[in-house]
Amino acid sequence: MKSAFLFLTLGLTVSAIALAAPKKAAKESAKATPVLWEDPADIATRDMLHGPGGSDHEPHGPFKFVSEDMNGTNPKFVITDAEGTKWKIKLGEEAHPETVASRLVWAAGYFADEEYFLESIKIDNVPANLHRGESHIEPNGMMHNARLKRNLKGEEKGGIWKWKDNPFTGTREFNGLRVMMALINNWDLKDENNEVYVYEGKRIYLVSDLGASFGTTGRSVTRAESKGNLENYTNSKFIVKVTPAGVDFGVPSRPAMIHMIEAPEFKSRVGLEWIGKGIPVEDARWIGSILAKLSLEQIQAAFAAAGYSPQQVVGFSAVVQARIAELNKL
């Protein structure tokens with residue numbers, strides 16, 4: 001500390017700027033307005049094929065490897081594109097469903113990451129030894145079925161937010177988000193999958209990991225059954241019960257008991273069932289009325305963007321449309 005003050009007194013303004021910058025950023029972050037939802041007035045014309053980033057932000061190579069991301073259960077890597085923009089690649093069973101989920105959540109007025117699905121992508125400078133994901137990478141750096149998430153320039157990370165403790169608890173918008181998680185069968189609702197970031201004067205709250213969607217209502221025996229599984233999504237129960245106290249949805253359900261052997265993972269998902277229960281009827285109906293403005297073609301475009309087959313696109317879209325209709329009949 002003494003040397004820092006000595007540099008300041010000697011007039012080294014570069015050091016002064018470096019010391020002041022974090023304080024200024026923290027002050028700006030504190031002033032930012034918390035936002036969870038914005039009115040999607042243009043929902044009927046939103047580009048569901050390209051999602052929040054639109055066609056202008058599509059990734060273009062050549063791509064270069066930067067680092068390995070060890071968070072979560074799916075292999076992830078940080079890369080840069082031809083313009084120097086950073087992207088996070090996710091491989092594995094979550095790549096398809098997360099691409100769709102981000103578009104549907106965004107269409108309803110909630111914030112979502114800019115995500116794109118690429119059937120094939122070649123990455124330069126991939127290290128010979130990785131901690132995980134090597135089976136997904138060919139010797140020449142080619143990867144298949146990859147979800148790319150854009151890193152927005154200028155965004156400031158603000159940690160995570162909690163389902164039980166946030167500025168929006170009890171609001172129509174927060175309850176609408178709970179309904180959205182049930183509609184897409186996103187059962188992996190750990191707090192660590194939620195993110196806060198400051199961008200353009202807003203303190204934005206979003207569900208940043210939507211990969212466990214469009215499968216079962218909870219962690220099943222295998223991940224293949226739990227995520228992006230048309231049969232299980234079709235056969236799962238959406239609305240379980242409607243009472244004067246509210247609407248109970250089937251998601252999230254308790255994880256399969258076999259996962260008790262993974263104690264930390266099991267513990268993190270036990271007790272989350274409340275997120276899908278007791279939601280006021282009028283709030284569930286409200287988010288349903290917004291989603292009803294989406295055309296079948298828009299919903300199908302979201303699934304097509306994620307690399308699903310034509311048959312899967314039709315099948316998944318039919319379930320989503322039927323669930324929207326259920327909300328509007330409440």
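Numbers here simply count residues along the sequence, with the first being 1. Quick caveat: nothing in here was measured; it's all calculated off a predicted structure.
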If you measure from [atom1] on [X] to [atom2] on [Y], what distance do you get to the nearest 0.5 Å?
X	Y	atom1	atom2	value
Met48	Gln300	CE	CD	11.5 Å
Ser317	Glu297	OG	CD	9.5 Å
Ser253	Trp187	OG	CH2	9.5 Å
Asn229	Ser213	CG	OG	13.0 Å
Glu38	Trp106	CD	CH2	12.5 Å

Please confirm whether the backbone N or O of [Y] pairs with a side-chain atom of [X], one donor and one acceptor, at under 3.5 Å?
X	Y	answer
Ser102	Glu115	no
Arg147	Pro97	no
Arg46	Asp42	no
Asp47	His50	yes
Asn232	Glu225	yes

Smallest separation among heavy atoms of [X] and [Y], with atom names:
X	Y	result
Ser226	Gly218	OG-O, 4.1 Å
Ala107	Pro40	O-CB, 3.4 Å
Ala305	Thr99	O-CG2, 4.0 Å
Val247	Ala284	CG2-CB, 4.3 Å

Non-hydrogen side-chain atoms of [X] and [Y] separated by less than 4.5 Å:
X	Y	answer
Asp81	Lys86	no
Phe117	Glu98	no
Lys162	Glu192	no
Ile184	Val320	no
Val319	Tyr233	yes
Asp124	Pro62	yes
Tyr197	Arg203	no
Leu294	Ile43	yes

Should Asn235 and Glu231 be marked as a side chain to side chain contact (heavy atoms under 4.5 Å, CB included) after you check the CA-CA gap, both sets of side-chain angles, and the distance that decides it? CA-CA 6 Å; Asn235 293 330; Glu231 181 179 0; 3.6 Å; yes
Passes side chain to side chain contact (heavy atoms under 4.5 Å, CB included), Thr85 versus Asn151? Steps please. CA-CA 7 Å; Thr85 300; Asn151 181 53; 5.6 Å; no
Do the rings of Phe249 and Phe238 sit parallel, tilted or perpendicular, given the 30° and 60° boundaries?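 If you compare the ring of Phe249 with that of Phe238, the planes turn out tilted.
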For Phe303 and Phe214, take the angle between the two ring planes, folded into 0 to 90°, and tell me which bin it lands in: parallel under 30, tilted 30 to 60, perpendicular over 60.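 Ring orientation of Phe303 relative to Phe214: perpendicular.
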[Y]/[X] salt bridge by N-O under 4.0 Å criterion:
X	Y	result
Lys90	Asp209	yes
Arg150	Glu155	no
Lys157	Glu195	yes

Could you tell me if [Y] and [X] have a donor-acceptor pair between their side chains, going purely by distance under 3.5 Å?
X	Y	result
Asn185	Ser236	yes
Asn166	Thr169	yes
His96	Gln312	no
Ser120	His144	yes

Under the salt bridge (Lys or Arg N to Asp or Glu O under 4.0 Å) rule, what pairs show up with a residue in residues 315-330, not counting sequence neighbours?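 Of all non-adjacent pairs touching residues 315-330, none passes salt bridge (Lys or Arg N to Asp or Glu O under 4.0 Å).
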Sequence neighbours left out, what passes side chain to side chain donor-acceptor pair (under 3.5 Å) with His57? Give chain and number order.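 Testing His57 for side chain to side chain donor-acceptor pair (under 3.5 Å), a comparison that skips the adjacent residues, returns Glu114.
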Which residue pairs pass the ring-ring contact (aromatic ring centres under 6.0 Å, His included) test when at least one of the two sits in residues 276-300, sequence neighbours left out?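 Checked against ring-ring contact (aromatic ring centres under 6.0 Å, His included) - neighbours excluded - the pairs reaching residues 276-300 are Trp37-Trp286.
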Count the heavy atoms of every other residue, nucleotide or ligand shown that sit under 6.0 Å from NZ of Lys122, and state whether that count exceeds 12.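 More than 12 within 6.0 Å, yes.
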Does [X] share a hydrophobic cluster with [Y], counting links as ILVMFWY side-chain heavy atoms below 4.5 Å and allowing steps through other members?
X	Y	value
Val313	Ile299	yes
Ile204	Leu210	no
Leu291	Val281	yes
Leu330	Leu183	yes
Val242	Ile279	yes

The test is side chain to side chain contact (heavy atoms under 4.5 Å, CB included); show your working for Asn328 and Ser289 and say whether it passes. CA-CA 6 Å; Asn328 283 281; Ser289 69; 4.0 Å; yes
Walk me through whether Leu104 and Val100 qualify under side chain to side chain contact (heavy atoms under 4.5 Å, CB included). CA-CA 7 Å; Leu104 290 176; Val100 185; 4.2 Å; yes
Who else is in Leu130's hydrophobic cluster (ILVMFWY, side-chain heavy atoms under 4.5 Å, direct or via others)?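 Phe63, Phe65, Phe77, Ile79, Trp87, Ile89, Leu91, Tyr116, Leu118, Ile121, Ile123, Val126, Ile137, Met143, Leu148, listed by chain and number.
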For a salt bridge (charged side-chain N to carboxylate O under 4.0 Å, His left out) check, start with the C-alpha distance between Asp113 and Lys149, then their side-chain angles and the critical distance, and finish with the verdict. CA-CA 7 Å; Asp113 292 307; Lys149 178 164 72 175; 3.6 Å; yes
For a ring pair (Phe, Tyr, Trp, His ring centres under 6.0 Å) with Phe168, tell me which candidate from Trp163, Tyr110, Trp161, Tyr205 qualifies.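 Only one of Trp163, Tyr110, Trp161, Tyr205 forms a ring pair (Phe, Tyr, Trp, His ring centres under 6.0 Å) with Phe168, namely Tyr205.
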Sequence-distant partners of Lys88, salt bridge (charged side-chain N to carboxylate O under 4.0 Å, His left out), two or more places apart: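 Only Asp69 meet the salt bridge (charged side-chain N to carboxylate O under 4.0 Å, His left out) criterion with Lys88.
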Using distance only, find each side-chain donor-acceptor pair of residues 173-182 under 3.5 Å and give its atom names and separation, not counting sequence neighbours.
| from | atom 1 | to | atom 2 | distance (Å) |
| --- | --- | --- | --- | --- |
| Asn175 | OD1 | Arg178 | NH1 | 2.8 |
| Asn175 | ND2 | Thr171 | O | 3.3 |
| Asn175 | ND2 | Asp283 | OD2 | 2.7 |
| Arg178 | NE | Ile275 | O | 2.7 |
| Arg178 | NH2 | Trp274 | O | 3.2 |
| Arg178 | NH2 | Ile275 | O | 3.4 |
| Arg178 | NH2 | Lys277 | O | 2.7 |

